[in-house]
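Right, one structure below, let's go through it.
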Amino acid sequence: MRIATFNINGIKARLPRLIEWLEETRPTVACLQEIKTMDEGFPADAFEKIGYKAIWHGQKSFNGVAILADGVEPIETQRGLPGDDADEQSRYLEADVNGVRVASIYLPNGNPQPGPKFDYKLDWMERLRTYAKTLWDAEIPTALVGDYNVVPEDKDIWSPRALADDALMQPQSRDAYARMLGDGWTDAIDTFNPRGGVWTFWDYQAGAWQRDHGFRIDHLLLSPELADRMQAAGVDKEYRGREKSSDHTPVWVELAD
DNA sequence: ATGACTGCCTCTGGCAGA
């Protein structure tokens with residue numbers, strides 16, 4: 001099975017591109033972030049037409065996540081990240097698909113830093129780590145995939161200096177991500193590209209795509225049950241160059257059945 | 001050196017993104 005994640009930056013603006021990508025690459029599960037719509041605006045019919053069933057957690061204007069599955073209904077297991085009842089942002093959705101637990105994650109950006117948004121990001125990362133441990137302890141085959149808004153190491157960006165003051169690059173952000181890996185979660189893209197140089201995001205501004213000024217912030221973290229099944233992982237880079245593209249690319253991992 | 005683009009909802013400009 002193929003598990004993919006794609007920060008689409010607006011499901012209404014991106015729908016033709018999204019349908020195209022699903023039909024061309026046919027992931028078993030597709031986790032989406034930044035759908036940027038309320039629940040009632042989600043175009044479930046368009047996905048049904050091409051054989052995908054979906055669940056989604058929307059929010060007006062910002063954030064919003066979804067999980068699409070090829071030919072089967074995702075069985076929802078969690079909506080919203082536990083650990084803060086006051087948190088109303090739609091950034092976490094989780095489901096079982098074909099015996100695999102899959103989470104669609106849109107981790108807070110955290111800029112500007114320092115400040116309340118950065119504090120929220122770090123809190124969110126600790127909540128994620130705490131919750132992920134419960135999945136780990138239950139020995140559920142789990143994939144935590146999405147836009148983590150963390151550049152894990154200097155090898156994961158074209159220029160570490162360019163974003164040195166950015167929330168995506170701060171030691172606290174990186175340490176929190178590293179603690180997840182320290183707990184045993186496997187970064188699929190990094191496993192197949194240990195020397196780095198793989199990007200999943202290119203800014204719309206300043207000709208970043210044309211200059212290949214990108215970085216890696218969309219990640220697939222696998223529990224040991226799934227890491228053992230990894231066959232390949234990659235980035236669907238060409239979609240960043242198409243008309244009306246998202247600023248992120250799809251990222252995927254192929255697992256043995 | 002600076003700013004640079006895009007989507008959203010709409011107070012069509014301000015916010016958010018990364």
Side-chain angles (χ1 to χ4, degrees), chain A residues 5-19 21 31-43 46 56-66 87-92 104-122 124-125 128 145-174 176-177 189 196 198-219 235 237 239-251:
Chain A
T5 179
F6 192 4
N7 179 322
I8 54 173
N9 187 20
I11 201 162
K12 295 168 192 167
R14 210 69 56 217
L15 193 58
R17 284 291 88 83
L18 183 54
I19 295 292
W21 168 70
C31 293
L32 309 179
Q33 300 87 37
E34 284 206 89
I35 63 174
K36 291 186 172 180
T37 179
M38 291 183 286
D39 282 341
E40 45 270 45
F42 188 85
W56 58 93
H57 189 198
Q59 182 181 332
K60 190 177 181 180
S61 299
F62 307 119
N63 307 325
V65 287
D87 185 0
E88 299 194 333
Q89 299 189 31
S90 300
R91 297 179 175 275
Y92 188 94
S104 182
I105 290 169
Y106 179 46
L107 208 144
N109 171 297
N111 281 305
Q113 73 80 28
K117 291 188 175 182
F118 190 56
D119 295 340
Y120 174 65
K121 176 186 192 133
L122 297 180
W124 208 95
M125 293 188 83
L128 176 63
V145 310
D147 178 358
Y148 278 73
N149 271 317
V150 175
V151 176
E153 297 181 48
D154 284 355
K155 68 181 181 179
D156 299 309
I157 185 165
W158 96 97
S159 166
R161 280 179 57 198
L163 266 74
D165 295 327
D166 196 283
L168 279 57
M169 295 266 300
Q170 294 314 295
Q172 299 100 309
S173 311
R174 287 180 158 185
Y177 187 76
I189 294 292
V198 175
W199 319 144
T200 69
F201 172 91
W202 292 258
D203 203 295
Y204 288 126
Q205 302 186 59
W209 168 247
Q210 289 76 10
R211 298 175 183 181
D212 200 28
H213 287 181
F215 41 90
R216 188 172 76 93
I217 52 176
D218 299 275
H219 306 308
V235 175
K237 185 174 174 179
Y239 289 86
R240 181 62 183 81
R242 295 197 185 183
E243 286 290 309
K244 294 278 286 177
S245 74
S246 172
D247 39 7
H248 295 250
T249 48
V251 185

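Computed over heavy atoms, backbone and side chain alike; hydrogens, waters and symmetry mates excluded. Chain letters run A, B, ... following the sequence lines, proteins first, then strands; residues in each count from 1.
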**Gap in Å between the two P atoms, one belonging to B:dA4 and one to B:dG13, rounded** = 16 Å

**Item:** Between B:dT12 and B:dT6 - C1' atom distance, rounded Å
**Value:** 15 Å

**Asked** Hey, what's the ring geometry for A:F201 with A:H248, parallel, tilted or perpendicular (30° and 60° as the breaks)?
**Response** perpendicular

**Message:** Students often get this wrong, so: under 4.0 angstrom with heavy atoms, is A:R17 touching a base, only sugar-phosphate, or nothing?
**Reply:** nothing

**Request:** Output the distance between atom CZ (A:R14) and atom NZ (A:K36), rounded to the nearest 0.5 Å.
**Result:** 8.5 Å

**Request:** Would you mind reading off the distance between A:Q33 atom CD and B:dG7 atom P, rounded to a whole angstrom?
**Result:** 17 Å

**Prompt:** Partners of A:D156 by salt bridge (charged side-chain N to carboxylate O under 4.0 Å, His left out), sequence neighbours excluded?
**Reply:** A:R216

**Message:** Run A:L168 and A:N109 through side-chain contact (heavy atoms from CB on, under 4.5 Å) and show every step you take.
**Reply:** CA-CA 7 Å; A:L168 279 57; A:N109 171 297; 4.1 Å; yes

**Prompt:** With rounding to whole Å, what would you report as the distance between B:dG7 and B:dA18 at their C1' atoms?
**Reply:** 14 Å

**Asked** At under 4.0 Å between heavy atoms, what does A:D218 touch on the DNA or RNA strands: base, sugar-phosphate, or nothing?
**Response** nothing

**Prompt:** When the distance from CD of A:Q170 to C1' of B:dA18 is rounded to whole Å, what number comes out?
**Reply:** 13 Å

**Prompt:** Given the rule in the side-chain contact (heavy atoms from CB on, under 4.5 Å) test, do A:Q172 and A:F118 qualify, once you have shown the distances and angles that lead to the verdict?
**Reply:** CA-CA 10 Å; A:Q172 299 100 309; A:F118 190 56; 3.8 Å; yes

**Asked** B:dG7, B:dC8, B:dA18: which one has an atom nearest the side-chain heavy atoms of A:F215?
**Response** B:dA18

**Request:** With DNA chain B as reference, determine whether A:Q205 or A:Q89 sits nearer its 5' end, using the nearest nucleotide of each.
**Result:** A:Q205

**Message:** What's the closest nucleotide to the side chain of A:S61 if the choices are B:dA18, B:dG7, B:dC8?
**Reply:** B:dC8

**Partners passing salt bridge (charged side-chain N to carboxylate O under 4.0 Å, His left out) against A:D166 (at least two apart in sequence or in another chain)** = none

**Message:** What's the gap between B:dC15 and B:dA1 when it is taken at their P atoms, as a whole Å value?
**Reply:** 29 Å

**Request:** Mark yes or no: A:R174 above the aromatic ring of A:Y177, with NZ or CZ under 6.0 Å from the six-membered ring centre and no more than 45 degrees from the axis.
**Result:** no

**Prompt:** Base, sugar-phosphate alone, or nothing: which one does A:H248 contact when heavy atoms must sit under 4.0 Å apart?
**Reply:** sugar-phosphate

Where do N or O atoms of nucleotides 10-15 of chain B meet protein N or O atoms at under 3.5 Å, pair by pair?
| unit_1 | atom_1 | unit_2 | atom_2 | d |
| --- | --- | --- | --- | --- |
| B:dT10 | OP1 | A:K60 | NZ | 3.3 |

**Request:** Look at all strands and tell whether A:D247 reaches a base, only sugar-phosphate, or nothing, counting heavy atoms closer than 4.0 Å.
**Result:** nothing

**Request:** Measure the acute angle between the ring planes of A:W202 and A:W209, then classify it against the limits of 30° and 60° as parallel, tilted or perpendicular.
**Result:** perpendicular

**Message:** Counting the atoms with a prime plus P, OP1 and OP2 as sugar-phosphate, which does A:L163 contact under 4.0 Å by heavy atoms, base, sugar-phosphate, or nothing?
**Reply:** nothing

**Prompt:** For A:Y204 and A:N9, does a side-chain donor sit closer than 3.5 Å to a side-chain acceptor?
**Reply:** yes

**Request:** Evaluate the criterion side-chain contact (heavy atoms from CB on, under 4.5 Å) for residue pair A:S159 and A:H213; output intermediate values, then yes/no.
**Result:** CA-CA 8 Å; A:S159 166; A:H213 287 181; over 6 Å; no

**Prompt:** Taking the P atom of each, how far is B:dC5 from B:dC11, in whole Å?
**Reply:** 26 Å

**Request:** Starting from the C-alpha separation in whole Å, work towards a yes-or-no answer on side-chain contact (heavy atoms from CB on, under 4.5 Å) for A:Y106 and A:H57.
**Result:** CA-CA 11 Å; A:Y106 179 46; A:H57 189 198; over 6 Å; no

**Item:** Selection: residues 104-114 of chain A, any non-hydrogen atom under 4.0 Å of DNA chain B
**Value:** A:Y106, A:N109, A:N111

**Message:** What does the 5'-to-3' dot-bracket notation of DNA chain B look like when only Watson-Crick and G-U wobble pairs under 3.5 Å count, and pairs to other strands show as |?
**Reply:** ....(((((...))))).

**Prompt:** How would you label the contact of A:N7 with the nucleic acid (heavy atoms, under 4.0 Å): base, sugar-phosphate, or nothing?
**Reply:** sugar-phosphate

**For A:R17, salt bridge (charged side-chain N to carboxylate O under 4.0 Å, His left out) partners two or more places apart** = A:E20

**Prompt:** Is A:A206 touching bases, backbone alone, or none of the nucleic acid, heavy atoms closer than 4.0 Å?
**Reply:** base

**Prompt:** How far does the C1' atom of B:dT10 sit from the matching atom of B:dG14, given to the nearest Å?
**Reply:** 10 Å

